[in-house]
Novice: 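My questions will all concern the structure given below.
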Amino acid sequence: MKKFFSSALARGLLWQVIGFFIGAGLVTGIRALMGLTTTDTFFFTEPAWVLGALFGALSFLVGCGVMDDWIKWARGIDTHDNHEEHWHGWEKYINVSFDHKVIGIQYTMIALLLIAIGGTFAMIFRTELAASQLQFLTTDLKLFGQNGPQLYNTLMSLHGIVMIISILLGISGIINYAVPLLIGAADMSFPRLNAFSYWIAVPAAITLVSSLFLGGFDTGWTGYPPLSARAPVGMQMFFMGVFIAGWSSILGALNVVVTVLRMRAKGMTAFKMPIFVWAGLATSIIAMTATQFIGLAFQLVMFQRLLGMGFFDPTKGGNPVLFQHLFWFYSHPAVYVFILPGLGVISELLPVFVRKPLYGYRWIAMSSIGIALVGFVVWAHHMFTSSMNEYLRVPFMYSTLLVSVPTGVKFFSWVATLWKGKISTPTPMLFVLGAIVVFLMGGLSGPPHATVSTDLHLHDTYFVVGHFHDTIFGGFVFPFFAAIYYWFPKATGRRMNEFWGKVHFWLMTPSFFILTFGMMYVGLLGMRRRIADYDPALGIDTAHLILTIAGFAIFFSVLIFFINFFYSIKNGEKAEGNLWNSRSPEWQVPSPMSLHNYPTPIEVIGEPYDYGLKDSPYTRFVEAPKGKGKH
Amino acid sequence: MQHFVIVGILVIITTILTYLGLDVAGLAKQQHPIAASAQSVSIDQLWQWEMIVISFLFAVIFVPMMYSLVAFRQKKGEMKDGEHMEGNTSLEIAWTVIPLFLVVIFAYLGGWSLGEVRRVDPQALVINVKGQQFTWTFEYPEYGIITNELHLPADRQVVLKMTSIDVIHSFWVPEFRIKQDVVPGRITEYRVTPTLVGNYKVRCAELCGTSHAYMENAVIVNTQADYDAWIAEQAELAKLAAQTPEGQGRLLTVRNGCTGCHSLDGTPLTGPTWFNIFGKTEEMNDGSTLVIDEAYLIESILNPNAKIVAGFPSPSVMPAFVFSDEELANIIAYIKTLK
């Protein structure tokens with residue numbers, strides 16, 4: 001316990017609380033001097049909460065010590081380039097470390113924590129939806145300053161955004177852990193910036209979830225004004241949380257781009273990079289250049305609420321539809337940020353378990369870049385009914401349908417990779433195969449949204465909800481689990497239980513098909529998104545009951561995963577060698593890997609996926625020239 | 001070669017089975033639910049074509065994948081690698097270019113279908129629509145009729161000129177297939193030609209707050225003759241109502257959407273019901289009790305937050321209204337009649 005209270009995490013949290021009270025107190029003091037009201041429903045006034053949240057997050061960063069080296073540099077004090085580890089075991093993960101592997105695991109842990117929170121929210125409102133009428137989130141209920149339907153809206157909105165932040169942190173986790181290993185680097189280009197990107201996500205997540213206790217927000221994760229301009233204080237915590245998390249995304253992506261461009265092993269030309277590195281690069285280019293727009297859009301609404309600037313207020317000459325453009329200019333490319341690393345994991349793991357080269361490697365690599373680029377010009381397909389200029393709908397229909405071409409290339413290449421292989425199906429491979437099928441369902445339910453006229457019916461219904469759960473589960477959740485089962489032995493030297501891994505898969509996959517297909521079905525029949533109650537006349541009560549049961553089955557399968565995960569860290573079967581018989585360099589050294597990864601630098605002398613070709617290694621270790629000291 | 005023949009046959013079978021499966025679920029030939037507008041014809045046609053192509057694409061990926069899993073499975077104890085195939089450029093070009101053609105075809109069909117949906121009839125009947133938290137108000141400008149139920153004649157194009165007084169809503173009648181957002185500060189247009197006589201509901205499709213789920217009003221499609229009779233009756237009622245205080249009060253409450261939250265039949269919605277409200281003794285949320293009288297009603301209309309009945313949202317979600325003294329008297333006269 002003492003180790004926890006002296007950790008960077010505990011210090012950061014304490015400083016966040018202090019920072020919050022300084023910020024909130026400052027505003028309250030100024031308001032008192034100006035003769036304005038100083039208290040409100042949630043004790044502090046809204047401006048006090050906002051400045052408090054901002055000060056709190058900044059104080060967290062100072063308090064946890066992630067900026068210590070920078071502060072020393074600014075004062076002219078030198079620090080060691082070689083950061084030594086002071087901690088052992090689990091302590092590493094709650095203290096500031098500059099090791100990309102530790103940071104990757106830190107990201108993964110916070111992503112799993114947020115998945116647990118977001119999933120629990122989903123179970124609460126899924127239970128409410130099991131039958132028409134309000135069951136327990138009734139108008140009589142009073143919790144956190146909200147009645148039942150308001151709480152429903154808050155939980156539904158938080159489920160969306162908590163899962164999204166969880167995905168962003170989850171992909172950072174895999175990329176941070178795997179990319180330097182795959183390219184043979186000792187670490188990321190900017191280890192301190194890397195740690196900073198992780199630690200800034202912690203106060204961001206806290207700020208975001210705090211909105212639940214401050215009246216919540218009832219706008220969905222999209223936060224469209226004018227509704228978001230009227231919502232309770234919780235709305236501001238949502239904006240502020242996402243705003244801060246965006247910094248994590250931008251800075252982390254910058255680091256990945258530089259690392260991939262500058263730190264590859266000798267001989268690793270662009271088309272000899274592992275395919276996951278291509279995916280990580282593509283996703284980072286989007287995250288680095290588009291995230292600013294959601295931050296900006298949210299900041300404008302914050303200013304509209306705090307300072308009365310009428311950006312989106314029609315009575316002051318503002319334009320509510322402008323917000324949607326700004327919002328989706330990030331938030332559509334963002335879904336490619338979520339899925340590209342997942343698709344990269346599929347492409348990376350398939351050859352290992354098929355024992356065959358990745359079919360059409362260059363095409364798959366280019367299709368990631370293609371998806372990333374086309375993804376920038378499709379945003380307005382979220383706005384076909386929004387009252388934007390009507391002629392804009394047709395070009396956005398074309399660009400949206402175009403995304404299916406590079407996505408199709410991936411599918412065809414995966415199938416061709418499977419063809420005539422020697423396929424084995426341990427748990428990671430099961431999740432890869434599940435990902436392909438689920439993502440196929442998501443991909444195929446996409447075009448009816450792209451063609452404008454059919455979308456006029458589907459927009460804002462459960463059909464969309466089913467569609468995007470398919471794409472996100474196929475593009476992120478299944479590959480994320482695959483990646484964890486696959487690289488877990490690399491990180492811990494032990495493997496997760498195979499039997500329970502398979503139970504996890506076989507419980508989750510069929511339930512998930514039922515869930516999303518059912519969502520699409522009720523959506524067509526008239527089930528709208530984001531409603532706490534539905535008209536019994538629609539005749540979808542039974543369908544919803546089945547959906548709820550399927551939802552709980554998924555919840556329990558993930559619970560099995562969690563138990564397996566934490567149990568295996570200490571008690572899993574030992575697996576220190578090349579467990580999957582992979583060609584990738586990180587499996588050529590014992591697990592877990594040491595600080596700075598490879599004992600001697602590696603050099604690329606072959607193709608990454610030449611399975612089935614004798615005597616064609618991908619990499620080899622370069623002997624350190626004798627007589628020279630350590631670096 | 002044998003593998004390709006088997007897979008080819010299985011792809012054809014799976015395509016047909018997938019399409020038939022969707023059809024059994026009722027999802028192949030048209031979007032659900034029943035189609036009740038001229039606009040839904042081209043939409044459902046496009047949907048059916050898409051379902052055929054989707055069934056085929058599903059089979060094209062799914063079948064060879066499953067076939068490989070069975071036919072090319074690693075036997076127990078086998079440690080050999082698979083065949084060393086790196087790729088085939090012509091094949092890659094083929095599966096890039098053929099989908100590209102499909103994209104162009106479907107984009108063209110999508111444009112055609114959208115054109116059909118947006119076809120304008122210059123003789124269309126104009127109705128003004130106002131969305132607000134959490135109800136719809138419909139105004140027939142030619143007859144001075146204001147109502148919360150949308151009555152439409154069959155087989156005639158109607159153009160709804162829609163706006164919102166608060167947040168964004170979305171006008172969606174599932175049977176009409178089309179949806180259009182209703183945005184404050186601008187007027188959006190919804191063109192529809194109802195073809196099937198029946199009772200439907202307009203359901204708000206854009207999250208608009210706490211009672212968003214209940215923002216549903218009746219939409220009644222009648223034959224032209226029945227519609228004309230309804231119009232005549234309503235126009236007469238509107239004329240009569242304008243001559244009495246209660247009648248004017250009722251018009252004011254409909255026009256301002258009061259009944260979206262205050263029911264007339266005793267059901268508690270977002271706000272207290274108006275049925276039998278006058279003279280009733282109510283408990284307030286601060287624990288005090290009072291008798292609902294004229295002073296209380298006036299105060300509650302002008303400043304909804306002053307005294308809130310126990311069990312209802314605090315702070316109130318009702319906007320503060322501005323009425324003249326005469327208008328307030330008319331509204332109260334109307335509320336008094338609700339017994």
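Proteins come first, then strands; the chains are lettered A, B, ... in the order of their sequence lines, and each starts at number 1.
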Novice: Is the closest side-chain heavy-atom distance between Glu92(B) and Ile364(A) below 4.5 Å?
Specialist: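 A side-chain contact under 4.5 Å is absent here.
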Novice: With distance as the sole test, does Lys179(B) use its side chain to make a donor-acceptor pair with the main-chain N or O of Leu456(A) at under 3.5 Å?
Specialist: yes
Novice: Please determine which of Ile61(B), Val53(B), Thr18(B), Leu57(B) meets the side chain to side chain contact (heavy atoms under 4.5 Å, CB included) test together with Leu444(A).
Specialist: Leu57(B)
Novice: For Leu458(A), is it the side chain, the backbone, both, or neither that has a heavy atom closer than 4.5 Å to a heavy atom of chain B?
Specialist: both
Novice: Heavy-atom distance under 4.5 Å to chain B: side chain of Arg362(A), backbone, both or neither?
Specialist: neither
Novice: Look at the side chain of His3(B) and the backbone N and O of Lys420(A), then say whether any donor-acceptor pair between them is shorter than 3.5 Å.
Specialist: no
Novice: Donor-acceptor pair, distance only, cut-off 3.5 Å: does the side chain of Arg528(A) make one with the backbone of Cys204(B)?
Specialist: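 Checked: pair present.
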Novice: Which atoms of Val409(A) come close to chain B, meaning under 4.5 Å heavy atom to heavy atom: side chain ones, backbone ones, both, or neither?
Specialist: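 Both backbone and side chain.
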Novice: So, Arg355(A) and Glu83(B), do they make that salt bridge, N to O below 4.0 Å?
Specialist: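 The answer is no: the pair does not qualify as a salt bridge.
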Novice: Taking the six-membered ring for Trp, is the centroid-to-centroid distance between Trp172(B) and His457(A) below 6.0 Å?
Specialist: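 Close enough - the centres of the two rings lie under 6.0 Å apart.
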Novice: So Thr385(A) and Phe171(B), side chain to side chain contact (heavy atoms under 4.5 Å, CB included) or not? Walk me through it.
Specialist: CA-CA 10 Å; Thr385(A) 69; Phe171(B) 188 98; over 6 Å; no
Novice: Contact part of Arg530(A) toward chain B, heavy-atom cut-off under 4.5 Å: side chain, backbone, both or neither?
Specialist: both
Novice: Could you tell me which portion of Asn319(A) (side chain, backbone, both or neither) has an atom closer than 4.5 angstrom to a non-hydrogen atom of chain B?
Specialist: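 Contact with chain B involves the side chain of Asn319(A) alone.
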Novice: For the backbone of Glu390(A) and the side chain of Arg118(B), can you confirm whether one donor and one acceptor N or O come within less than 3.5 Å of each other?
Specialist: no
Novice: Please look at Phe412(A) and chain B and tell me whether the side chain, the backbone, both or neither of the residue comes under 4.5 angstrom of a heavy atom of that chain.
Specialist: both
Novice: For the pair Lys614(A) and Asp81(B), find out whether any cationic side-chain nitrogen is under 4.0 Å from an anionic carboxylate oxygen.
Specialist: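 No.
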